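In what follows, every chain begins at residue 1, and chains take the letters A, B, ... in the order their sequences are listed. Note that these values count all heavy atoms, side chains included, but never hydrogens, waters or copies made by symmetry. The structure presented is a predicted model; accordingly, all values stated were derived computationally and were not measured.
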Protein chains: 2
Amino acid sequence: MLPERLKELRLAKHLTQEDVANFLGITRPAYTAYESGKRQPDDSTKMKLAQYYSVTVDYLLGVNKTPAWATQQQVTDLKTWLDDPAAMDGFSFGGAELTEDEKDKLKMSMTQIFWNRLNLKRMPINKDEGGDNK
Amino acid sequence: MLPERLKELRLAKHLTQEDVANFLGITRPAYTAYESGKRQPDDSTKMKLAQYYSVTVDYLLGVNKTPAWATQQQVTDLKTWLDDPAAMDGFSFGGAELTEDEKDKLKMSMTQIFWNRLNLKRMPINKDEGGDNK
DNA sequence: GCACTAAGAGAATCTTAGCGT
DNA sequence: ACGCTAAGATTCTCTTAGTGC
């Protein structure tokens with residue numbers, strides 16, 4: 001998932017692999033390996049990339065995917081709510097309206113909260129008291 | 001930053017290092033190294049942990065910190081807005097109100113958007129046309 | 001010029017085993 | 001019980017050098 005994101009974001013800004021490699025302070029082949037999925041950048045590099053493209057690390061990793069246990073009804077509910085213009089209408093940020101990009105980021109976060117909420121209902125965290133100590 | 005987060009989240013759930021290690025499918029010492037900061041979990045493990053604790057990977061990595069270039073005025077503006085109860089008043093999510101935990105997560109995302117917005121004004125992305133081709 | 005691949009050195013990680021509280 | 005450390009083997013990453021479009 002991370003390779004696709006990197007390529008998508010890079011091409012959207014009309015940058016070459018060398019441009020990004022120079023920004024990161026690494027060589028071209030090293031960055032190529034990221035987009036090829038052969039190697040993975042460390043945390044520091046990932047955070048640099050996320051800030052460079054103004055996205056979250058979660059987005060780079062593809063965390064905001066629909067979980068496997070999601071029902072079709074839940075997917076529909078989420079989409080309906082996110083696509084409702086009223087959801088973020090009048091939602092100002094320190095006096096200034098949100099841009100479309102910012103709304104997208106906010107929707108991504110809300111999507112994550114949405115699935116987390118359902119996940120908590122499905123798998124409440126409870127300590128495993130009963131061990132295998134015969 | 002990640003070590004502190006892991007310990008903080010684990011203790012909040014009253015879990016032992018072994019509990020988390022078993023969940024991740026690794027040994028106790030391996031997980032201990034994460035909290036000690038001696039080793040770093042791979043992406044897959046980080047995503048597991050983020051979902052386990054219902055937080056974002058950005059939060060685990062400490063991305064939502066105040067940037068170094070932030071002015072005191074900006075910090076104050078952000079805090080004032082986030083602390084305003086009206087900011088998220090009447091903000092329902094598919095009919096259900098947000099919990100305090102969910103509001104915190106949303107505030108974290110908005111904080112990130114806030115700093116990203118200011119960062120874009122400071123450092124607009126422009127391709128480096130002028131190379132060193134003498 | 002841009003993107004990809006190969007080989008070698010270097011660095012990080014995991015498990016097993018053992019120590020301290 | 002819980003948490004931390006040491007040593008060995010395994011695995012991954014980075015740079016340099018070279019190929020194709």
Novice: Could you walk me through whether Met1(B) and Leu61(B) pass the side chain to side chain contact (heavy atoms under 4.5 Å, CB included) check?
Specialist: CA-CA 6 Å; Met1(B) 178 60 58; Leu61(B) 300 182; over 6 Å; no
Novice: Tell me which pairs pass salt bridge (charged side-chain N to carboxylate O under 4.0 Å, His left out) where either residue lies in residues 21-39 of chain A, with sequence neighbours left out.
Specialist: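 Qualifying pairs: Arg10(A)-Glu35(A).
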Novice: Using whole Å, what does the distance between atom P of nucleotide dC14(C) and atom CZ of Arg28(B) come to?
Specialist: 16 Å
Novice: Check salt bridge (Lys or Arg N to Asp or Glu O under 4.0 Å) between Lys79(B) and all other residues, then give those that pass, not counting sequence neighbours.
Specialist: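 Asp83(B).
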Novice: Which residues pass the salt bridge (Lys or Arg N to Asp or Glu O under 4.0 Å) test with Glu4(B), sequence neighbours left out?
Specialist: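 Expected list: none.
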Novice: Once you apply a heavy-atom cut-off of 4.0 Å, does Tyr31(B) come out as touching a base, just sugar-phosphate, or nothing?
Specialist: nothing
Novice: Identify, with sequence neighbours excluded, every residue that meets side-chain contact (heavy atoms from CB on, under 4.5 Å) alongside Gln74(B).
Specialist: Trp69(B), Ala70(B), Thr71(B), Trp115(B), Leu118(B)
Novice: Figure out the CG/P separation between Asp42(B) and dC14(C), and round it to whole Å.
Specialist: 7 Å
Novice: May I ask you to say whether Asp19(A) pairs ionically with Lys13(A), meaning some side-chain N is under 4.0 Å from a carboxylate O?
Specialist: no
Novice: Lys7(A) NZ to dC4(C) C1': how many Å, rounded?
Specialist: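 Nearest whole value for this atom pair: 11 Å.
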Novice: Please name all residues satisfying side-chain contact (heavy atoms from CB on, under 4.5 Å) with Thr80(B), sequence neighbours left out, ordered by chain then number.
Specialist: Thr76(B)
Novice: Grab the CD1-P distance between Ile26(B) and dT10(D) for me, whole Å please.
Specialist: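 Rounding to the nearest Å, CD1 of Ile26(B) and P of dT10(D) are 20 Å apart.
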Novice: Quick one: His14(B) NE2 to dC2(D) P, roughly how many Å, whole number?
Specialist: 15 Å
Novice: Find the bend of the helix from dG1(C)-dC21(D) to dT21(C)-dA1(D) as the angle between its two terminal axes (five pairs each), to the nearest 10°.
Specialist: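 It comes to 30° between the two terminal axes.
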Novice: Within the pair Arg10(A) and dA3(C), is there a side-chain N or O less than 4.0 Å away from OP1 or OP2?
Specialist: yes
Novice: In whole angstrom, what separates Asp19(B)'s CG from dC2(D)'s C1'?
Specialist: 11 Å
Novice: Describe the nucleic acid contact of Glu35(A) in one word from base, sugar-phosphate, nothing, applying a heavy-atom distance below 4.0 Å.
Specialist: nothing
Novice: Can you check the Gln17(B) CD to dC4(D) P distance for me, whole Å?
Specialist: 5 Å
Novice: Would you please name every residue forming a side-chain contact (heavy atoms from CB on, under 4.5 Å) with Pro29(B), sequence neighbours left out?
Specialist: Thr27(B)
Novice: For nucleotides 5-8 of chain C, which of its nitrogen or oxygen atoms have a protein nitrogen or oxygen under 3.5 Å away, and what is each distance?
Specialist:
none

Novice: Restricting to side-chain hydrogen bond (donor to acceptor under 3.5 Å, both in side chains), what partner residues turn up for Ser36(A), sequence neighbours left out?
Specialist: none
Novice: dG3(D) P sits how many Å from Tyr34(B) OH, rounded?
Specialist: 16 Å
Novice: Could you check which of dC2(C), dC2(D), dT15(C) has an atom nearest any side-chain atom of Thr27(B)?
Specialist: dT15(C)
